[in-house]
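Here the structure comes first, spelled out in structure tokens, and everything after it is commentary.
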Amino acid sequence: MVDTSTQAGTSSYRIEHDTMGEVRVPVAALYGAQTQRAVENFPISGSVLESAQIAALARIKKSAALANARLGVLDAAIADAIAAAADEVITGRYDSEFPIDVYQTGSGTSSNMNMNEVLATLATRSLGSPVHPNDHVNASQSSNDVFPTSVHIAVTSALIDDLIPALDHLAVAFEVKAELWATAVKAGRTHLMDATPVTLGQEFGGYARQMRLGIERVRTALPRVAEVPLGGTAVGTGINTPAGFPQLVIELLTLETELPITEAIDHFEAQANRDGLVDASGALRTIAVGLTKICNDLRWMGSGPNTGIGELSIPDLQPGSSIMPGKVNPVIPEAVLMVCSRVIGNDATIAWSGASGAFELNVAIPVMGTALLESIRLLANGARVLADKTVDGLEANLERARALAESSPSIVTPLNRVIGYEAAAKVAKHSVAQGLTVREAVIDLGFVERGEVTLEQLDVALDVLSMTRPPR
Ligand SMILES: O=C(O)C[C@H](O)C(=O)O
């Protein structure tokens, strides 16, 4: 397809052809006419495909070339040249040859053709005879099965290799604190109002479990993300593939990626929607919702130093204010809160895009892939940063935490069973109104004098630590 002649005044370009005619392409580019058209058609976001997805596309092309050779569709030398070219692209050294905007054709055809053109150029060079982007590199394939498969592969890999280990790392950090603070009593709070006591260990154990459930949610979504449409070609029928192609190409792809990729059980389902991605994003949204709550808890507990709750000291990482000297802020929880905002926003994008299909094809796949890969990266990095730069270094202000627990009027609750709910409510209100402890308020209101409760009963009932361990 390459016309090596250059026109006067266009020496930095070469002329390429496609089925629509001639296109001027930068002289050194490995890509061809269709990529150049897409670059010019979609100057929208300035964001291109993630490197992980480019590598996944190249792995698919390599597996397809080898499968095609084995099934007699491609000459072995051409297939080997394509596979070798794909290996080079997988290293990332040619990422700049993939300049097409994410906001492009909804099937990802432009990016599929970009890969076909780059591999065709590299394979042509190494083979010394023409390798065609469509006839050879794209043989037995369509963008409609290849491009979504590349998203699913990149997402599967990122979930297994990045997100799950990062969430585990954060869960361990919470578990360490849960054990350390097993008896560190503090005020419970519901509706942001004083409630009965808990321990810091109980709260942090809850956070750890929340992260472990997040891992379970991701693991549950994984098999559906790893089920790929490759082999269905244009509409799921597998038109233009040799018999046995889907099974063989996916077997080779599994070896190539070392991921638990499986062939779609129903190629029409797998091609017509991207529910697996919507599902995975839902798991990420739940994790982001949980992390938002946890980061806010940490900020509240670390608020102060003098006018806040101050049960925790959050590690000082950097001066907080350009104007208020000595002020230090909870910068990591704030950063992670923004991560969560983005993940929740990306989930809305992914859900809406997931609905953007008709009949045999979804037509919002590039943005789904990019948003999902971004969410995974942000959550994985955010979880690690939160663990290493905040949770690990948290210190409990044990005396302050206990004093606040003891000052909660809700510690009157165990007295319900001794003096009744209504009398206990009077005690709670009296303690707040008069600035007394609950114990003092009980005595002040004459409950001991009247023999309605003994001092020994009071000591047992008002022990804040024992309130954190109700009999089971
Ligand atoms: O690019 C292709 O292989 C197919 C395209 O997405 C289409 O369905 O029109």
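Numbers here simply count residues along the sequence, with the first being 1. Counting starts at 1 for both ligands and their atoms, following the listed order.
- Here the closest non-hydrogen pair linking Glu22 and Ile15 is CD-CG2, 3.7 Å.
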Evaluation steps, side-chain contact (heavy atoms from CB on, under 4.5 Å), between Asn329 and Gln318: CA-CA 8 Å; Asn329 297 329; Gln318 58 187 52; over 6 Å; no

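- Using a 4.0 Å cut-off between charged nitrogen and carboxylate oxygen, Asp275 and Arg224 do not count as a salt-bridge pair.
- Between Arg189 and Glu311 there is a salt bridge, since at least one side-chain N of the basic residue sits less than 4.0 Å from a carboxylate O of the acidic one.
- Residues His267 and Asp145 have side chains that never bring a donor and an acceptor to within less than 3.5 angstrom of each other.
- Using a heavy-atom distance under 4.0 Å as the criterion, the protein contacts of ligand 1 are Ser107, Thr109, Ser142, Ser143, Asn144.
- Looking only at atom types and distance, the side chain of Asn397 has no donor-acceptor partner in the side chain of Lys186 under 3.5 Å away.
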